[in-house]
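The structure under discussion appears below in the form of structure tokens.
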Amino acid sequence: MSTMNATPLPDATPRDRRRWAAYLSDERAEARVYRELAARKSGEEREILDALADAEGRHEAHWLGLLGGEPARLPRASIRTRLLATMARRFGSIFVLALAQNAENRSPYDDDPHATPAMRADEKIHGEVVRGLAARGRMRLSGTFRAAVFGANDGLVSNLALVMGIGATGVAPQFVLFSGIAGLLAGALSMAAGEFVSVRSQRELIEATHPNNDTDHVLPDLDLDANELALVYRTRGLDEEEALERARQVVATAQASDRAVPYRRAAEPPADLESVGSAFGAAASSFAFFASGAVIPVLPWIFGLSGLAAVTLALALVGLALLLTGATVGLLSGAPPLRRGLRQLAIGFGAAAITYLLGLLFGVSAA
């Protein structure tokens, strides 16, 4: 059978026809997802997404052929496909592509005798295509996303461990609240300072290694045929012939300039600085991300709870947040969201349990 010219099967069972109709509905929905994403893109990415939609259209034609035409009643697309369509309309493409990557890798055609080998191969290749598109989005997002997840998760775990440890010693609720707020401010300020120093140092390192124009004023005085400017360009990666030609062009331009004022070439800012970002912006983001996570364990005490009720609510709130951040990381990395969420939960609660036990130990010792 061909994916383009499938013919109806007269001995098909009602169950077969229901399954083919479900496939048809899913293929149409998936094609709409790719076209929704393509509408938001341009250039090569748009062409790739449109090509994926066209491929889903070929699969659609196969199931239509087996069914002998449009069914009288078409079932709804699967929940997964409808979720993809909703996200494609409302959110950025990276979440949709991450979900689509997993979906393409788990094609139902692998075990269906009525799907052709070409269709099964298509689905596998689609998974690699979507992986490549998702990788582009992940690269663009990686710096900001890393800071957001690391900052928020660090705030969640460290402040939960702090309030659990302090609370286990048996101190008054006001002291637990004060400790939690102090931990929030100390951690957020530490994160902000560290991020500021890191980004600032990286910018200074790039600026120190980037070519500058400090010697431009002497360029008109160089000998056009015998000068060391070519050596400068060789240190920047040009071969001997290219360096000599570049040096001659620069010196000739400088000598033809107005000698009444010191010669200066147009400054070129280092291209890498844009990707590094602003030190103040990185510091502010780190402070905000850490604080947004660190405030969650303290909320029960802020609203006047104490004792077991406060501890239970803090654990529930932090557990939900850890599951959410872990699932988000899993989703964007193409891994199972639930597994990543549970891993994040285990790590966070493990740290809190250790500090809680230490608090109990010190509380008993103090008593």
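For this chain, numbers begin at 1 and follow the sequence in order.
Atom CG of L52 is separated from atom CD of E56 by 7.0 Å, given to the nearest 0.5 angstrom. The structure places NE2 of H114 at 5.0 Å from CG of D16, a figure rounded to the nearest 0.5 Å. Interatomic distance, E242 CD to E240 CD, rounded to the nearest 0.5 Å: 11.0 Å. Of the inter-residue distances, the one linking L156 atom CG with F290 atom CZ reads 9.0 Å to the nearest 0.5 angstrom. Taking CG from L67 and CG from L74, the interatomic distance works out to 8.5 Å, rounded to the nearest 0.5 Å. For the atom pair CG of L162 and CD1 of I181, the computed distance is 10.5 Å after rounding to the nearest 0.5 Å.
Here the side chain of R340 pairs no donor or acceptor atom with the backbone of L323 at under 3.5 angstrom. At distances below 3.5 Å, not a single donor-acceptor pair connects side-chain atoms of S25 with backbone N or O atoms of A22. The closest donor-acceptor contact from the side chain of T325 to the backbone of L322 lies under 3.5 Å. Put simply, the side chain of N159 never gets that close to the backbone of P297: no donor and acceptor are under 3.5 Å apart. No donor-acceptor pair under 3.5 Å is formed between the side chain of S190 and the backbone N or O of A186. The backbone N or O of G194 sits nowhere less than 3.5 Å from a side-chain atom of S198 that would complete a donor-acceptor pair. Side chain of R28 to main chain of E60: no donor-acceptor pair is present (N/O by atom type, distance under 3.5 Å, no hydrogens or angles).
Between E36 and R46 no salt bridge is recorded (no basic side-chain N to carboxylate O distance below 4.0 Å). Taking the charged nitrogens against the carboxylate oxygens, D110 and K124 do have a contact shorter than 4.0 Å, which makes a salt bridge.
Connection of I302 to L185 is established within a shared hydrophobic cluster, with ILVMFWY side chains joined at heavy-atom distances below 4.5 Å, either directly or through further cluster members. L338 is connected to V318 through a chain of hydrophobic side-chain contacts under 4.5 Å among Ile, Leu, Val, Met, Phe, Trp and Tyr, so both are in one cluster. Cluster membership for V163 and L305, using ILVMFWY side-chain heavy atoms within less than 4.5 angstrom, is shared. L308 and V298 sit in two unconnected hydrophobic clusters of ILVMFWY residues. Membership requires side-chain heavy atoms under 4.5 Å apart, directly or through other members. Criterion: ILVMFWY side-chain heavy atoms under 4.5 Å apart, direct or through other members. Under it, V176 and L357 are part of a common hydrophobic cluster.
Environment of OH in Y356: sparse, with no more than 12 heavy atoms of neighbouring residues, nucleotides or ligands closer than 6.0 Å. Open room surrounds CD on E241; 12 or fewer heavy atoms of other groups in view lie less than 6.0 Å from it.
There is no side-chain donor-acceptor pair under 3.5 Å between D54 and Y34. Side chains of E27 and H62: no donor on one and acceptor on the other come within 3.5 Å.
Between L299 and L313, the closest side-chain pair of non-hydrogen atoms is not below 4.5 Å. For the pair H59 and L24, the minimum side-chain heavy-atom distance is 4.5 Å or more. Here the side chains of W63 and M119 are in contact, with some heavy-atom distance below 4.5 Å. Side chains of R246 and L238 form a contact here, defined as non-hydrogen atoms less than 4.5 Å apart. V157 is not listed as a side-chain neighbour of I347, based on a closest heavy-atom distance of 4.5 Å or more.
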**Request:** Starting from the C-alpha separation in whole Å, work towards a yes-or-no answer on side chain to side chain contact (heavy atoms under 4.5 Å, CB included) for L49 and R35.
**Result:** CA-CA 7 Å; L49 288 164; R35 296 205 187 280; over 6 Å; no
**Request:** Apply the test ring pair (Phe, Tyr, Trp, His ring centres under 6.0 Å) to residues Y109 and W20: give CA-CA distance (whole Å), side-chain angles for both, the deciding distance (0.1 Å), then the verdict.
**Result:** CA-CA 11 Å; Y109 298 165; W20 299 341; over 10 Å; no
**Request:** Step by step, work out the side chain to side chain contact (heavy atoms under 4.5 Å, CB included) result for F196 and S286.
**Result:** CA-CA 9 Å; F196 179 87; S286 293; over 6 Å; no
**Request:** Using the side chain to side chain contact (heavy atoms under 4.5 Å, CB included) rule, take L37 and K41 through it: C-alpha gap first, then chi angles, then the decisive distance, then the call.
**Result:** CA-CA 7 Å; L37 294 177; K41 300 291 184 179; 5.5 Å; no
**Message:** Set out, in order, the CA-CA distance, both residues' side-chain angles and the distance that settles side chain to side chain contact (heavy atoms under 4.5 Å, CB included) for F349 and L160, then state yes or no.
**Reply:** CA-CA 9 Å; F349 277 12; L160 176 66; 4.1 Å; yes
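Across F287 and L189, no two heavy atoms sit closer than the pair CE1-CD2, 3.7 Å. Considering all non-hydrogen atoms of both residues, A161 and T355 come closest at O-OG1, 2.9 Å. For R17 against A12, the heavy-atom pair with the smallest separation is CG-CB, 4.2 Å. Across all non-hydrogen atoms, the minimal contact from D50 to A38 is OD1-CB, 3.4 Å. The shortest non-hydrogen separation linking S306 to W301 is CA-NE1, 4.3 Å. Residue A115 comes nearest to R120 through the heavy atom pair O-NH2, 2.8 Å, listed as atom of the first residue, atom of the second, then distance.
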